[in-house]
Protein chains: 2
Amino acid sequence: MNDKETSSLPSRHEERLGLLLWFRLSRFYNQSLRRSNAHLKEWGVTITQFDVLVQIGTHEPLTQNELAEKLFVTKGNMTQVLGRMEELGWIHRDQEWRKKVLTLTSSGWELFHLVVPRQEQFQASQFQGLNKEEQKQLLDLLRKLQQYNEHMEG
Amino acid sequence: MNDKETSSLPSRHEERLGLLLWFRLSRFYNQSLRRSNAHLKEWGVTITQFDVLVQIGTHEPLTQNELAEKLFVTKGNMTQVLGRMEELGWIHRDQEWRKKVLTLTSSGWELFHLVVPRQEQFQASQFQGLNKEEQKQLLDLLRKLQQYNEHMEG
DNA sequence: CCTTATCAGTTTATACCTAAACTGATAAAA
DNA sequence: TTTTATCAGTTTAGGTATAAACTGATAAGG
């Protein structure tokens, strides 16, 4: 590949921007993921479990499919993650018709109230490299991207 | 948690923004990852392998540690991913002093020239929800975040 | 009533990723 | 020279994620 020659062509340039954005995004995400897991380790919670905890805690009651949709993961994945969380005694899974209704146990609520404020604070610190205005900008750009892509997939 | 009451407090609000940013970011990243893998499936390549292919192809020769640093992943992970890519005949791993020097095989170069332009085009389409100006803004914000966090970790 | 479709969740095989402990080689210090 | 430190890469155990095939229950159509 010949960077210097092709980058002067505008159409190539735009394509490059896409790849650059992908690289930046995935690097930052990976870093952020690792740091979050390290931070949550103190309470024996993974970032995935934390996300599930927040979703159930704020939208209870939820079914597994609804949860998977909210988290943008497959339902097969939910089976595994929720299985472990049930073992740990953080959630109830009650069969109801052909659905399973998810709620937090008292132990789950305890964890929720303990960990959510800490993690909020931690995530705020992760984005300290941007001022408040820039943070809102970033949120807005991500919102636009998601809306557009959702619209594309129908 | 009582959303409506606590969100009026400014300090709480800022912390919320951090959590919101994290959620948006991870949802978009997951979506993007899934779509990229689906797109690359045509050539039997995963997005991880693609990232490795690009790094080696553009920075050859590289050691495994250098590659891990560029991709922001652990060296243990590289051992596994590179092992598979070596089996597939895409890369050479030549022991040199106490390092292993990575280069692409002719088959690897073939794949590189076949897949990179397609994936560039695909990634460009992933960010079409933003105009060129907004894409540059996003890139800039991500760059700032990474620089700040790198500086923090020292 | 019986057949067929749909739907929620599970299972399986495979890949990715981490942290932490380990190996073996080179380099530095005693 | 012997010991100790460091460094690149590997291994292990465990969690996360997917796609695709499957199960079993409910719903719809014949």
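Heavy-atom basis, side chains included; hydrogens, waters and symmetry copies ignored. The sequence lines fix the lettering, A, B, ..., with proteins before strands; numbering per chain opens at 1.
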Notebook entry, point to check: With sequence neighbours excluded, what pairs up with Glu134(B) under the salt bridge (charged side-chain N to carboxylate O under 4.0 Å, His left out) test?
Noted result: Lys144(A)

Notebook entry, point to check: Under the salt bridge (charged side-chain N to carboxylate O under 4.0 Å, His left out) test, which residues partner Arg27(B), sequence neighbours left out?
Noted result: Asp51(A)

Rounded to the nearest angstrom, tell me the gap between atom [atom1] in [X] and atom [atom2] in [N].
{"X": "Arg35(B)", "N": "dT18(D)", "atom1": "CZ", "atom2": "C1'", "result": "15 Å"}
{"X": "Asn30(A)", "N": "dA17(D)", "atom1": "CG", "atom2": "P", "result": "12 Å"}
{"X": "Gln80(B)", "N": "dG15(D)", "atom1": "CD", "atom2": "C1'", "result": "13 Å"}
{"X": "Gln64(B)", "N": "dT11(D)", "atom1": "CD", "atom2": "P", "result": "11 Å"}
{"X": "Asn37(A)", "N": "dT16(D)", "atom1": "CG", "atom2": "P", "result": "8 Å"}
{"X": "Leu82(A)", "N": "dG15(D)", "atom1": "CG", "atom2": "P", "result": "15 Å"}
{"X": "Ile47(B)", "N": "dT18(D)", "atom1": "CD1", "atom2": "P", "result": "15 Å"}

Could you work out, with ring pair (Phe, Tyr, Trp, His ring centres under 6.0 Å) as the rule, every residue matching [X], not counting sequence neighbours?
{"X": "Phe50(A)", "answer": "none"}
{"X": "Trp90(B)", "answer": "none"}
{"X": "Phe28(B)", "answer": "Phe127(B)"}

Margin query: I need the residues from residues 67-77 of chain A with at least one non-hydrogen atom less than 4.0 Å from DNA chain D; give them sorted by number, or say none.
Written below: Phe72(A), Val73(A), Thr74(A), Asn77(A)

Next item on the list: Not counting sequence neighbours, list each pair that qualifies as a side-chain hydrogen bond (donor to acceptor under 3.5 Å, both in side chains) and has a residue in residues 77-87 of chain B.
Entry: Glu86(B)-Arg93(B)

Next item on the list: Answer yes if Leu88(A) and Met78(A) sit in the same cluster of Ile, Leu, Val, Met, Phe, Trp and Tyr residues linked by side chain heavy atoms under 4.5 Å apart, and no otherwise.
Entry: yes

Next item on the list: Identify the 5'-most and 3'-most nucleotides of DNA chain C with at least one atom closer than 4.0 Å to a non-hydrogen atom of chain A.
Entry: dT6(C) to dA20(C)

Check: With Gln128(B), which residues qualify under side chain to side chain donor-acceptor pair (under 3.5 Å), at least two apart?
Finding: Tyr148(A)

Item checked: With sequence neighbours excluded, residues passing side chain to side chain donor-acceptor pair (under 3.5 Å) with Ser32(B) -> Gln126(B)

Between the protein and nucleotides 2-5 of chain D, which nitrogen or oxygen pairs come in under 3.5 angstrom?
none

Margin query: Using a 4.0 Å heavy-atom cut-off, does Thr46(A) contact any base of the nucleic acid, only the sugar-phosphate backbone, or nothing at all?
Written below: sugar-phosphate

Next item on the list: Give Thr48(A) one of three labels, base, sugar-phosphate or nothing, depending on what nucleic acid heavy atoms sit under 4.0 Å from its own.
Entry: sugar-phosphate

Item checked: DNA chain C: 5'-proximal contact among Met78(A) and Arg84(B) (nearest heavy atom) -> Met78(A)

Notebook entry, point to check: Closest nucleotide of DNA chain C for Arg34(A) versus for Lys99(A): which of these residues is on the 5' side?
Noted result: Lys99(A)

Notebook entry, point to check: Excluding sequence neighbours, so at least two apart, what forms side-chain contact (heavy atoms from CB on, under 4.5 Å) with Arg98(A)?
Noted result: none

Next item on the list: Give a yes or no on whether the backbone of Leu130(B) and the side-chain of Gln135(B) come within a donor-acceptor separation of less than 3.5 Å.
Entry: yes

